There are 2 protein chains.
Amino acid sequence: MAQTKKIEIRQAILDAAYELFSKRGYSDTNITEIARAAKVAPANLYVYFRSKLEILLSIYEPWLVKRFDELEKSLPRIASPRQRLLKILSTLWRDIPAVENGFANNWMRALATTAAREGYSPRLRLAIEERLAGLLDGCVPNLGRAGARELANIVLMAFDGYALNFHLNGGASCARRRLTLFADILLNGAPLAASRRPTKPSRRQASRRAVERAVAHVTG
Amino acid sequence: MAQTKKIEIRQAILDAAYELFSKRGYSDTNITEIARAAKVAPANLYVYFRSKLEILLSIYEPWLVKRFDELEKSLPRIASPRQRLLKILSTLWRDIPAVENGFANNWMRALATTAAREGYSPRLRLAIEERLAGLLDGCVPNLGRAGARELANIVLMAFDGYALNFHLNGGASCARRRLTLFADILLNGAPLAASRRPTKPSRRQASRRAVERAVAHVTG
DNA sequence: GTTGATTACCGAATAGTATTCGGTAATTAA
DNA sequence: TTAATTACCGAATACTATTCGGTAATCAAC
């Protein structure tokens, strides 16, 4: 009974926006530029999306979910729980904040500036947190679902921090030794002796830990 | 040889800005409002400060440093390392993000929007990180200075996350049990059994841990 | 005091933004 | 073919941080 919205146009807008956001960043890209790149009039963007923020969200959400899918899929191939944990941490704190010229940063930007005034729901964040909790549960022993959820929240907050600060550090991401240190702390607690603990615990240490754990499990 | 800037005016600007930023937030406060509240012309703000961001920084920096001073001063009065660690974490992840109607959030906002284009230096962040490393070094055993520094970085990133998300969660701050869980993990590693570990470890557990540690120290 | 230079101070302009308005025309169902 | 709907667009709107040009307060030197 009337003209209908065209998916090609919607997609053209998203593609243009994605390219520009990646290259110049969210706040240095204006609606006119997106419209020009998508070959439509600026006003027409508002037929397809309610706001600039909604355009970003429409890009960011599937983008982030895809990153998580890839992470999730890669984990079963890693036998060692420690290596799995490292994979999770390095993906969240190192890879994702840095990839695509710090694309995740755009989301932090948008969140910070416009999210408060409505239109934003924590749905995406909560879903991601839930998934992350599942992944952590598979690496860090005896957390329990509730504990995994708490830890996931903390890890995600740090992720926001790394994404937010990506450009401020001149594109620096989380250092490798920081990741290994943290992973080992998560698994084993504070180091026994700073100067002695290698990045990867020796077999003797590891087995002693395992014995402790087993004994504790029985006696505890 | 000429008229000089007046500290009263500078202070009036800062006071006005502080009040407005706290009440309405950084991006919902405009220069005209600040000027009106400070009883000067908008253009005159630019005699005293280079930009709106610089006004915020001039408020935020001493504000944050003061919070850290208070935290630092309170720690020696706490005997238990675990309680000290909890104090640090709850201050950073719970109190500071929530205080003054989420004032720290303004800084995240400003960072996200304008910091990239120069004028920003990581000086403040690095200084804070250094201090935090010192505090953590006093709670978490055997970290070493370098390790403490890495951990401090992570904790600060999560702080940014909590501050950034403060308003999005409807003013929620980091839950108490999340703090205790994380503190215990930092000190002892992954829980022995999720359902059994109390928030505060029993004396028997604690002493067993202590023995383990002592033995490890000798044999390790 | 008086003078002369400096610069705080201000009203009005500027440049830039996301978003909306009003009209036109393409599309679709009948 | 018609009639209703609505995608689409050019031009306006409302809002912003920041700057411009002029005025006058202030201070040092004499």
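In what follows, every chain begins at residue 1, and chains take the letters A, B, ... in the order their sequences are listed. Since the structure is predicted, the reported quantities are computational estimates derived from the model, not experimental observations.
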To the nearest Å, how far apart are [X] [atom1] and [N] [atom2]?
{"X": "A/Leu45", "N": "C/dT19", "atom1": "CG", "atom2": "P", "value": "10 Å"}
{"X": "A/Phe49", "N": "C/dA18", "atom1": "CZ", "atom2": "P", "value": "15 Å"}
{"X": "A/Ile31", "N": "D/dC9", "atom1": "CD1", "atom2": "C1'", "value": "15 Å"}
{"X": "A/Leu53", "N": "C/dT17", "atom1": "CG", "atom2": "C1'", "value": "15 Å"}

N/O donor-acceptor pair under 3.5 Å between [X] side chain and [Y] backbone:
{"X": "B/Asp137", "Y": "B/Ala148", "value": "no"}
{"X": "A/Asn105", "Y": "A/Ala163", "value": "yes"}
{"X": "A/Asn44", "Y": "A/Val40", "value": "no"}
{"X": "B/Tyr60", "Y": "B/Ile55", "value": "no"}

Expected list for residues 4-23 of chain A near DNA chain D, using heavy atoms below 4.0 Å, is A/Thr4, A/Lys5, A/Lys6, A/Ile9
Strictly below 4.0 Å, heavy-atom distances to any atom of DNA chain D: list the hits from residues 32-41 of chain A, or just say none. A/Val40, A/Ala41
Is there any salt bridge (Lys or Arg N to Asp or Glu O under 4.0 Å) pair reaching into [range], and which pairs are they, with sequence neighbours excluded?
{"range": "residues 11-24 of chain A", "answer": "A/Arg24-A/Glu33"}
{"range": "residues 85-101 of chain B", "answer": "B/Arg67-B/Glu100"}
{"range": "residues 2-12 of chain A", "answer": "none"}

State which of D/dA17, D/dT6, D/dC9 makes the closest approach to the side chain of A/Gln3. D/dT6
Are any of the side-chain nitrogens in A/Arg145 or A/Glu130 under 4.0 Å away from the carboxylate oxygens of its partner? yes
Five pairs at each end of the helix from C/dG1-D/dC30 to C/dA30-D/dT1: take the axis at both ends and give me the angle between them to 10°. 10°
How would you label the contact of A/Asn30 with the nucleic acid (heavy atoms, under 4.0 Å): base, sugar-phosphate, or nothing? sugar-phosphate
Least distance between heavy atoms, B/His167 atom then B/Gly102 atom: CE1-O, 4.1 Å
Please check if any side-chain donor atom of B/Tyr162 sits under 3.5 Å from a side-chain acceptor atom of A/Asn153, or the reverse. yes
Using a 6.0 Å cut-off, check whether atom CZ of B/Arg50 has over 12 heavy atoms from anything other than its own residue. no
Most 5' of A/Ala43 and A/Val47 on DNA chain D, judged by nearest nucleotide: A/Val47
Between B/Lys52 and B/Ala2, just flag the one whose closest nucleotide in DNA chain D comes earlier from the 5' side. B/Lys52
